[in-house]
A.B. asks: 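Please read through the structure below; I'll follow up with questions.
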Amino acid sequence: MFKFKYILVLFYAFFVCNLFGQKAEPSIEELKHEIEKCKDDSAKVKKLLILARQYKLTEYKEAAEVYQAALDLAVKIKSPKAQINALNGIADENWNHTNYEKAFQYYYKAYRISDSIKDKKCVALCLYNLGWVACILQRNYKEDHYLYKSLQISKKLNDRPGLLRIYSALGNYYSEKFNYLQQKNYYDSAVYYTQKGIEVAKKNKSYGSLGAFYVTMGDLQYLTKDYRSAIFYYTNAKENYQTRNDSFNLVLIISKLAQSNTDIHPNAGDLNTLKFALAYAKKNSILDMEVDILKLLSEAYYKNNKFKEGFDVYREYVEMKKELDKKAYATSMTNLENNYSLEKSEISVSQLKQANEIQELKNKKKSYFIFALTGFGLVVIVIAFLLFRQNKLKQQTNIQLKEQNNIIKEKKQEIDHSIQYAKGIQLAILPEINELNDQFEESFVLYKPKDVVSGDFYWFAKVEKDFYCLAADCTGHGVPGALMSIIGMDKIIQAIFEKKITEPNKILSYLNIQIKNVLKQHSDASTQKDGMDIAILKFDSTNSVVEYSGANRPLFLIRDKEIIEYKANKTAIAGFTPNDYEFITHKISLQKNDGVYIFTDGYADQFGGPSGGKKIMTKKLKQMLISVSELPATEQKNTLEGAFTEWKGGFEQTDDVLIVGIKI
């Protein structure tokens with residue numbers, strides 16, 4: 001259960017920051033000094049909430065005390081929004097220390113205040129908290145309307161923090177359902193909402209929130225026993241948390257990495273990692289983290305053939321788990337709802353009595369108006385009846401048209417939803433551009449799909465001391481091209497990581513055979529001749545030598561404003577290329593400030609230009625690359641993209657566009 005808890009803390013902190021407009025927060029000591037000097041209670045309560053959020057990441061007890069002080073002051077100055085945030089903060093701290101009953105009560109108090117002041121953002125946050133309690137902690141799946149109501153409000157308000165928060169919750173909710181019910185549709189839903197969260201985070205450059213989504217993706221891969229993919233996502237999450245000095249989540253993620261490594265190859269190092277994580281949880285009194293790490297540690301002991309230690313730890317886990325489950329189910333959400341509904345009903349009854357007393361005084365004055373209104377109402381009814389008869393025939397004619405339009409609209413929405421879902425999957429498979437920037441400080445990727453999804457794809461990864469980079473163009477574009485790109489990327493990863501093929505030309509040969517097998521291109525008589533063009537680069541550990549192989553896609557090397565073109569093999573991957581075809585590898589020595597470019601044909605094939613209807617052509621692309629080669633990578637990308645847009649003008653984009661540029 002500990003994998004979910006900190007997400008509450010993360011997104012709640014993000015929500016408070018957004019609410020009060022804080023961009024750069026002072027240190028804890030600076031905040032204490034400011035609070036001592038502050039005489040304005042409204043400003044003071046805001047500073048107390050910021051201080052509590054600072055403590056939340058490291059000092060849980062201090063955070064709870066400061067939240068209580070903020071709540072007392074908010075009640076005193078009658079600030080409902082500050083009360084809501086203080087109550088949610090106190091609830092979080094009780095949650096972190098497994099005081100679930102108190103946490104539920106404080107969450108519900110926050111919801112009641114939010115509901116009473118009609119603050120939609122606060123209501124969305126509180127519904128999210130209550131949904132987490134009911135659906136994930138208590139596994140009461142019938143209560144998921146809390147989560148979907150929160151999603152509906154956040155979408156309507158276009159609330160970025162709210163969307164990040166609720167997409168994370170829904171991803172974890174369906175991940176839990178998949179874990180306990182083992183139904184494939186829950187796995188698909190978990191992937192969908194997690195990818196939506198990643199998309200929102202990347203679109204809004206909220207990179208600090210990506211770690212939580214990577215953890216969920218890793219958990220999903222772990223549940224399907226794809227341990228290497230789980231390690232891939234967990235490692236991305238770890239790097240994300242390291243950049244933010246997030247000690248809590250670092251401990252969480254190294255535990256998950258140790259768990260995944262143990263399932264692949266048990267070793268003593270992972271045991272030590274889990275022991276460290278257990279000590280951290282005990283030191284900070286994080287009981288739900290402690291109970292889950294006890295389970296992981298017992299399994300790790302068994303897999304390392306340390307059965308006595310595994311049994312002792314497992315016995316401790318069972319006892320703690322029983323106590324935590326008892327706490328988790330101690331409070332009924334239904335009872336809290338019923339109590340709130342009863343209070344609202346009592347208030348309504350009191351208000352109704354007052355309204356009746358006032359109404360009795362006004363009844364005499366209104367008696368004359370009633371007769372006039374009755375007569376006016378009869379006239380309106382007669383006119384409405386005549387209009388109804390007049391329009392009846394027209395309405396009957398329009399009914400069939402509306403039904404047909406609704407059917408067409410529903411079908412279009414289903415298709416659009418499917419394509420957008422496919423886009424989310426494709427973007428998730430593509431590597432982060434940061435991986436390329438980490439290897440080459442001056443590098444860029446210009447990627448412009450013709451449709452929602454693309455037949456072009458890029459891929460790069462560091463494998464031991466070498467760094468691989470490629471650009472590929474699959475047959476077609478849109479959905480067919482995207483399907484081919486997924487097949488191609490899967491076979492490339494299989495060649496490098498599973499088959500341990502390191503030479504670029506042999507990777508292409510393997511890719512040629514495998515794609516032909518997947519597409520059943522077993523004979524010359526086959527009508528299925530789809531394939532791909534591709535350029536693949538392999539850099540050595542010092543980036544001083546690159547090995548290049550290509551299938552119909554060349555390599556351009558620009559040195560001292562001169563371009564050197566390395567030709568590709570004049571054949572595609574799969575299609576008509578025989579299984580025993582051998583590709584050529586070019587081994588190239590690099591110099592500082594060399595520009596290396598690989599690309600698909602979409603840029604050069606674009607129609608447009610001053611006279612209209614002409615292609616850019618490879619010759620003009622070479623001239624463009626030479627002219628921008630000495631600029632910083634970001635400016636190179638912007639200049640190439642601007643030139644492409646200007647040339648295209650009012651013409652439709654011809655094909656998917658992909659250029660990868662690297663400056664040594």
Side-chain angles (χ1 to χ4, degrees), residues 191 195 229 415-416 418-431 445-461 468-499 501 504-537 549-554 568-579 581 583 598-606 653-660:
V191 171
Q195 291 297 344
S229 295
I415 295 170
D416 289 344
S418 297
I419 294 175
Q420 289 295 332
Y421 187 84
K423 177 185 177 183
I425 295 173
Q426 188 177 47
L427 289 175
I429 295 173
L430 290 173
V445 175
L446 175 57
Y447 181 60
K448 292 177 71 66
K450 178 183 184 297
D451 302 309
V452 178
V453 290
S454 174
D456 288 5
F457 71 92
Y458 54 89
W459 185 84
F460 28 78
Y468 291 84
C469 176
L470 63 87
D473 181 359
C474 299
T475 302
H477 47 74
V479 174
L483 291 173
M484 279 294 298
S485 73
I486 291 172
I487 295 171
M489 199 176 310
D490 176 66
K491 296 305 176 185
I492 289 166
I493 292 171
Q494 187 180 86
I496 294 173
F497 289 100
E498 293 185 19
K499 302 300 180 181
I501 303 173
N505 62 327
K506 292 184 179 179
I507 293 173
L508 295 188
S509 296
Y510 179 82
L511 189 61
N512 178 51
I513 295 170
Q514 291 300 313
I515 289 183
K516 293 184 75 172
N517 288 338
V518 170
L519 299 181
K520 297 182 172 60
Q521 298 173 348
H522 301 311
S523 68
D524 294 337
S526 173
T527 59
Q528 174 55 261
K529 296 300 180 184
D530 290 333
M532 70 176 66
D533 299 336
I534 185 171
I536 181 168
L537 305 176
S549 289
N552 282 335
R553 300 313 313 152
N569 288 80
K570 293 295 184 180
T571 188
I573 298 296
F576 295 99
T577 305
N579 285 2
Y581 188 91
F583 292 87
I598 53 177
F599 47 90
T600 60
D601 59 3
Y603 196 104
D605 287 348
Q606 178 60 44
Q653 185 172 327
T654 306
D655 198 358
D656 300 317
V657 172
L658 173 61
I659 299 176
V660 179

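The basis for the numbers below is simple: all heavy atoms, side chains too, and nothing from hydrogens, waters or symmetry mates. Here the structure is a predicted model, which means the values were calculated and not measured.
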A.B. asks: Is Leu658 close to Val445 at the side-chain level, that is, under 4.5 Å between some pair of heavy atoms?
C.D. replies: yes
A.B. asks: Kindly write out the residues that satisfy salt bridge (charged side-chain N to carboxylate O under 4.0 Å, His left out) with Lys516, not counting sequence neighbours, or none if the list is empty.
C.D. replies: none
A.B. asks: Does some side-chain heavy atom of Gln606 sit less than 4.5 Å from a side-chain heavy atom of Thr654?
C.D. replies: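 Thr654 vs Gln606: side chains touch.
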A.B. asks: State the CG-CD1 distance between Leu470 and Ile534, to the nearest 0.5 angstrom.
C.D. replies: 4.5 Å
A.B. asks: Mind checking the CG-OG spacing from Asn569 to Ser549? Nearest 0.5 Å is all I need.
C.D. replies: 7.5 Å
A.B. asks: Shortest non-hydrogen contact from Ala535 to Pro554?
C.D. replies: CB-O, 4.3 Å
A.B. asks: Between CD1 of Ile487 and CD of Gln514, what distance do you get to the nearest 0.5 Å?
C.D. replies: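 The distance works out to 11.5 Å.
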A.B. asks: Considering all heavy atoms of both residues, which atom of Gly488 and which atom of Ile515 are nearest to each other, and what is their separation?
C.D. replies: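 That would be CA-CD1, 4.3 Å.
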A.B. asks: So, do Asp456 and Lys450 sit near enough that their side-chain heavy atoms are less than 4.5 Å apart?
C.D. replies: no
A.B. asks: Is a donor on one side and an acceptor on the other found under 3.5 Å between the side chain of Asp533 and the backbone of Arg553?
C.D. replies: no
A.B. asks: Can you name the closest pair of heavy atoms from Ala471 and Val660 and give their distance?
C.D. replies: CB-CG2, 4.4 Å
A.B. asks: Is the backbone of Asp530 close enough, under 3.5 Å, to the side chain of Thr475 for a donor and an acceptor to pair up by distance?
C.D. replies: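 The answer is no, because no donor-acceptor pair under 3.5 Å joins these two groups.
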A.B. asks: side-chain contact (heavy atoms from CB on, under 4.5 Å), that's the test. Do Ile429 and Phe457 meet it? Break it down for me.
C.D. replies: CA-CA 10 Å; Ile429 295 173; Phe457 71 92; over 6 Å; no
A.B. asks: For residues Ala574 and Gly531, report the shortest heavy-atom separation together with the two atoms involved.
C.D. replies: CB-CA, 4.1 Å
A.B. asks: Considering non-hydrogen atoms only, spot the tightest contact between Ala495 and Ile507 and give its length.
C.D. replies: CB-CG2, 4.4 Å
A.B. asks: Going by heavy atoms in the side chains, are Pro431 and Trp459 under 4.5 Å from each other?
C.D. replies: yes
A.B. asks: Which pairs with one or both residues in residues 473-495 pass salt bridge (charged side-chain N to carboxylate O under 4.0 Å, His left out), sequence neighbours excluded?
C.D. replies: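 Counting only pairs at least two positions apart or across chains, no salt bridge (charged side-chain N to carboxylate O under 4.0 Å, His left out) contact touches residues 473-495.
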A.B. asks: Just verifying a value: how many Å separate Lys499 NZ and Lys506 NZ, rounded to the nearest 0.5 Å?
C.D. replies: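 One finds 15.0 Å between NZ of Lys499 and NZ of Lys506.
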A.B. asks: Might you point out which heavy atoms bring Asn579 and Asn512 nearest each other, and give the distance in Å?
C.D. replies: CA-ND2, 4.0 Å
A.B. asks: Atom OH of Tyr510 and atom CD1 of Ile496: how far apart are they, to the nearest 0.5 Å?
C.D. replies: 11.0 Å
A.B. asks: Please identify each residue that fulfils ring-ring contact (aromatic ring centres under 6.0 Å, His included) with Tyr458, with sequence neighbours left out.
C.D. replies: Tyr447, Phe460
A.B. asks: Do the non-hydrogen side-chain atoms of Phe583 and Thr571 ever get within less than 4.5 Å of each other?
C.D. replies: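 Yes, side chains in contact.
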A.B. asks: When rounded to the nearest 0.5 angstrom, what is the spacing between OG1 in Thr577 and CG in Leu508?
C.D. replies: 10.5 Å
